[in-house]
Amino acid sequence: MRFCITFLVLFAAGSLLAGTAAPATPTPPASRYWVTFRDKAGQQFRPGTYFSPAAQARRRRQHLPAADSTDFPVRPDYLARVRAATATVTLVSRWFNAVACRATPSQVARLRQLPGVRSVTAWPEEVLVPAAHAPAAAGGPLTAADRSLARRQTASLGAPDFRQARLNGRGLRIAIFDVGFTGADRHPAFAHLRRRGAIVATYDFLRRTPAVYQGGSHGTEVLSCIAGRLPDSTRLGLGEGAEFLLARTEQMHREKYAEEEAWLAAAEWADRNGADIINSSLGYTTRRYFPEQMNGRTSLVARAAELAVRKGMLVVNAAGNDGDDPQWRTVGTPADGDSVLAVGGIDPDTYLHLDFSSYGPAPGGQRLKPNVAAFGVVIAAAPGGYVRTEGTSFASPLVAGFAACVWQQQRHLTAMQLFARLQESASLHPYFDYAHGYGLPRAAFFTRPTPAEAPVSFDIVRQDSVLAVIIREEAARIPARTLPLFADSVRAVTQPADPAVAAVGQEQPHPAAPASAELVPATPPAYLYWQLINQAGQLLRYEVLDVQQRAVLRVPLHLLRPGYAVRVHYRGYTKSYLAP
């Protein structure tokens with residue numbers, strides 16, 4: 001923040017004129033602070049009164065205590081003293097036994113002397129100019145390509161398997177934190193939700209009102225990727241049987257710390273109201289943090305998300321749209337949290353990482369981010385109809401709906417057990433990389449009998465100067481042809497650059513795809529994935545190859561230091577070579 005200070009110098013030939021009043025000293029502006037208290041001594045708490053029946057049931061299912069110290073209220077005497085000593089209190093957090101407030105420097109000095117105050121920390125606030133933004137266009141007629149994409153965005157995750165098993169998230173409660181849900185109370189895509197009263201609570205944590213059907217349509221698009229329908233009843237997401245809590249926590253095109261406070265307040269509200277899953281298609285990055293702070297411990301929202309998981313909620317978050325930003329590239333927060341399921345975006349046409357989807361790892365070496373991936377280009381409901389839009393904001397709710405179906409089937413799982421099972425179900429597991437994570441979650445992993453292990457599809461052969469990967473003959477047959485042993489066509493898969501995608505939470509409609517997209521299958525091509533890993537488990541290099549020959553890869557041995565590993569994945573089979 002820049003401070004402009006104007007010095008007023010008074011010149012007089014003699015003394016000041018008698019009777020002229022001295023100018024008043026301006027009052028210093030109030031800034032935002034975070035005040036943490038020492039204890040909750042003497043506080044009484046009745047979980048059965050405070051928590052909804054759904055919240056109590058969630059804790060019982062996961063063998064969690066009915067309440068812990070973080071659920072107890074802030075001491076009213078501590079809170080009253082802060083209110084009396086400051087300009088205003090903007091948030092009271094039970095979870096962190098703290099308040100956010102606005103105070104002048106002199107008030108801050110008094111705050112630090114109050115009984116029970118552990119710390120008073122400046123809560124930086126930078127007012128930003130709204131980003132350039134074109135209003136979202138009303139949805140036009142859906143093309144054949146749009147309808148194909150609408151089917152494939154769920155079919156890619158195994159929608160037919162879930163439908164056959166009658167899994168649609170019934171019995172689950174999903175909280176959505178977003179910028180607003182304009183039109184969602186009237187859009188025909190959600191008529192089935194309104195008929196059964198599936199939106200059980202709403203709250204705008206910025207304006208402090210239950211009215212959330214304003215502020216922006218991004219939340220409407222996100223909700224549709226969990227539970228929306230096209231006019232022909234095509235499902236746009238997998239969790240249409242769930243109940244929903246809609247929270248407005250973000251102001252469109254501004255990045256203020258107040259929105260992190262709103263995220264925390266919404267998380268405590270979601271906990272109290274029985275949320276099983278939180279979908280947060282939001283992320284905070286540049287202008288607020290440095291990339292090295294994306295460690296799951298620095299930001300308020302990352303710490304709030306971790307605590308939400310401890311209370312039995314699965315937190316699903318968009319990885320971010322900064323993959324093609326050379327100044328950032330990595331995931332934002334709260335996707336950086338270890339216990340937060342970060343979802344990256346893949347291209348519906350190639351099934352490969354979209355350039356804008358943020359990469360991992362978050363700082364900390366071998367930490368895996370993103371965890372899984374889903375389509376980052378989707379058909380979504382928006383005011384006036386439907387739009388083709390792109391961003392990891394929409395990959396995240398696709399996975400949140402998937403998670404609701406799995407939890408409906410396996411209600412005994414804890415939040416972190418579900419987290420692990422979602423990773424295990426993904427198409428590349430146990431292979432992963434910092435672009436795709438473990439890949440696309442697969443419904444068949446949960447709905448079909450335990451499949452046999454994938455057949456061996458390649459061999460890793462050490463030769464004189466290279467480590468060679470050779471596709472086995474029985475795995476070399478693809479439709480219409482058999483791979484030659486050698487060819488000149490092996491190449492890394494690349495994609496044409498697309499226009500930059502706005503920050504997560506601020507994505508815009510995408511131009512319609514050509515009609516040929518109708519022919520794209522709902523299953524990924526058989527790519528070969530490989531990576532080079534050092535002794536600490538960090539990926540030094542990873543690549544996706546379009547397999548056009550059996551002798552598909554040669555890694556020079558001089559790259560393989562002792563303890564380094566080469567890991568390869570092809571057609572469901574993963575194998576590693578450890579350098580001696």
Side-chain angles (χ1 to χ4, degrees), residues 147-176 184 189-190 192-193 196 198-199 219-230 232-245 275-281 314-318 341 343-346 348 351 371-381 386 389 392-411 413 418-419 421-427 438-448 522-524:
R147 293 181 185 278
S148 171
L149 176 57
R151 292 190 294 270
R152 290 187 292 116
Q153 67 194 45
T154 56
S156 61
L157 298 167
D161 293 287
F162 278 151
R163 281 198 294 271
Q164 187 173 1
R166 299 187 177 184
L167 298 173
N168 64 359
R170 185 179 296 108
L172 275 291
R173 188 166 286 185
I174 302 174
I176 301 177
F190 309 113
H192 59 291
L193 298 184
R196 62 183 180 87
I199 299 176
T220 306
E221 296 166 16
V222 166
L223 174 61
S224 73
C225 290
I226 301 177
R229 289 182 182 177
L230 293 184
D232 64 1
S233 295
T234 296
R235 273 66 166 172
L236 299 177
L238 295 168
E240 68 171 9
E243 295 180 331
F244 294 91
L245 307 169
D276 297 289
I277 298 170
I278 293 173
N279 180 84
S280 169
S281 288
L314 177 73
V315 179
V316 184
N317 208 98
L341 193 76
V343 185
I346 62 172
Y351 284 78
N371 301 93
V372 294
F375 280 12
V377 180
V378 301
I379 300 299
Y386 298 85
T389 188
T392 57
S393 281
F394 312 110
S396 180
L398 288 174
V399 171
F402 183 100
C405 294
V406 176
W407 227 348
Q408 176 188 355
Q409 181 199 53
Q410 303 184 32
R411 291 295 268 159
L413 295 177
L418 175 62
F419 182 106
R421 293 286 283 169
L422 293 172
Q423 291 190 145
E424 291 170 17
S425 77
S427 56
Y438 285 113
L440 281 156
R442 298 168 298 158
F445 181 87
F446 301 100
T447 61
R448 300 181 187 179
T523 55

Mind checking side-chain contact (heavy atoms from CB on, under 4.5 Å) for [X] and listing every partner two or more places apart, or none if nothing turns up?
X	value
A275	A175, L245, A270, M313
A159	T154, R163, L238
A189	H187, A381, Y386

Among all residues two or more places apart in sequence or in another chain, which pass the ring pair (Phe, Tyr, Trp, His ring centres under 6.0 Å) test with Y438? H429, F432

Set of ring pair (Phe, Tyr, Trp, His ring centres under 6.0 Å) partners for F162, sequence neighbours left out: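 Listed in chain order: F402.
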
Exam field: side chain Q153 to backbone L236, donor-acceptor pair closer than 3.5 Å: yes

For E243, all residues meeting side-chain hydrogen bond (donor to acceptor under 3.5 Å, both in side chains), sequence neighbours excluded: R173

Please, which pairs that meet salt bridge (Lys or Arg N to Asp or Glu O under 4.0 Å) have at least one residue in residues 393-411, sequence neighbours excluded?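 Listed by first then second residue: D276-R411.
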
Do the non-hydrogen side-chain atoms of V316 and I277 ever get within less than 4.5 Å of each other?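 In short, these two side chains touch, coming nearer than 4.5 Å.
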
Any F190 side-chain heavy atom under 4.5 Å of S224 side chain: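 SC-SC contact between F190 and S224 confirmed.
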
Contacts of type salt bridge (charged side-chain N to carboxylate O under 4.0 Å, His left out), residue R442, not counting sequence neighbours: none

With sequence neighbours excluded, tell me which residues meet salt bridge (charged side-chain N to carboxylate O under 4.0 Å, His left out) with R448. D161

side-chain hydrogen bond (donor to acceptor under 3.5 Å, both in side chains): which pairs involve residues 395-410, sequence neighbours left out?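 Pairs touching residues 395-410 that pass the test: N279-S396.
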
